[in-house]
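What follows is a set of notes on a single structure, which appears directly below.
Please read all numbers here as calculations on a predicted model, not as lab measurements. Sequential numbering from 1 along the given sequence is applied to the chain's residues.
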Amino acid sequence: MKLYYSPGACSLSPHIALHESGLAHEAIAAPTKTHQLPDGSDYYQVNPLGYVPYLVLDDGTALREGPAIVQYIADQVPDKKLAPPNGTMARYQLQSWLNFVGTELHKGFSPLFNPAMPDEAKALSKERLLGRLKWLEGELAGKTYLMGDDFTVADGYLFVVTNWAKPMGIDLSPYPNLVAYRGRVAARPAVQAAMKHEGLL
């Protein structure tokens, strides 16, 4: 499998999932600023949308969108418990978490990264984001990971998105459960390996 990623972007989530899975893969840098691959070719020739993550399977089949990619990876190694079995209520809860992280947090950070976004709009986005983080803080009380004791692909995604708090000037110290949770995720060997590969450590 080939995973196209941009260092530190949301594609770090499936990169972590691949390391957790133990599946053979090649991670290829596709920087979102230049869209130039290591061999000098144009990433748009691989993925016409130009964004990451993008997973290409051995048979040439491609998957885009992080939440779909990480569930595919998890389903290849069910014994790793990276996602609950399909058709169970726990699987729908996992999908609920992936959607929450994607639509409420990931998209909440997006305006803050945009230099063209007016300050008033950024302030509104930040206020909404802080409300979501406050709710998340409560949800993490007494839990090791989002789904309980087992690390799942939703944890990798949440970890990656909350990494963006520091560069965007969002203080996470008012959320001690979240801070402790992030520490547990960061300490996982697979997370360390993916971050090291992307030059983030």
_Closest contact, heavy atoms only, I73 versus A17_ = CG2-O, 3.7 Å

*State whether the side chain of S125 and the backbone N or O of A121 hold a donor-acceptor pair below 3.5 Å, judged by distance alone.*
yes

*Of the options L136, V185, V153, T152, which is the one that meets L158 in a side-chain contact (heavy atoms from CB on, under 4.5 Å)?*
L136

*List the steps, then state whether side-chain contact (heavy atoms from CB on, under 4.5 Å) holds for Q192 with H19.*
CA-CA 9 Å; Q192 295 278 311; H19 278 278; over 6 Å; no

*Measure from the side-chain N and O atoms of H35 to the backbone N and O of G50, and report whether any donor-acceptor pair falls under 3.5 Å.*
yes

*Is there a path of hydrophobic side-chain contacts, each under 4.5 Å between heavy atoms of I, L, V, M, F, W or Y residues, that connects L146 with F151?*
yes

_Spatial distance of atom CE (M1) from atom CG (L23) [nearest 0.5 Å]_ = 4.5 Å

*asked:* Determine whether a donor-acceptor pair (N or O, by modelled atom type, separation under 3.5 Å) exists between the side chain of N99 and the backbone of T103.
replied: no

*Pairs where residues 174-188 contributes a residue and the test side chain to side chain donor-acceptor pair (under 3.5 Å) is met, not counting sequence neighbours*: E20-R188, E137-N177, Y145-R188, D155-Y181, T162-R182, N163-R182

*Kindly indicate whether the side chain of Y54, heavy atoms from C-beta on, has any atom under 4.5 Å from the side chain of L49.*
no

*Just say parallel, tilted or perpendicular for the rings of Y5 and H197, cut-offs at 30° and 60°.*
perpendicular

_To the nearest 0.5 Å, what is the distance between CG on L124 and CG on D119?_
11.0 Å

*Supply the atom-to-atom distance S6 OG to I28 CD1, rounded to the nearest 0.5 angstrom.*
13.5 Å

*Look at the side chain of K126 and the backbone N and O of I170, then say whether any donor-acceptor pair between them is shorter than 3.5 Å.*
no

Quick one: side chains of residues 106-115, donor-acceptor pairs under 3.5 Å with protein atoms, not counting sequence neighbours, listed by atom name and distance.
from: H106; atom 1: ND1; to: Y157; atom 2: OH; distance (Å): 2.7
from: S110; atom 1: OG; to: H106; atom 2: O; distance (Å): 3.3
from: N114; atom 1: OD1; to: A116; atom 2: N; distance (Å): 2.9

_Residues in salt bridge (charged side-chain N to carboxylate O under 4.0 Å, His left out) contact with E198, at least two apart in sequence or another chain_ = none

*Hey, what do you get for CG (N86) to CD (Q71), rounding to the nearest 0.5 Å?*
7.5 Å

*Look only at the side chain of R91 and the backbone of P84, and say whether a donor-acceptor pair between them is shorter than 3.5 Å.*
yes

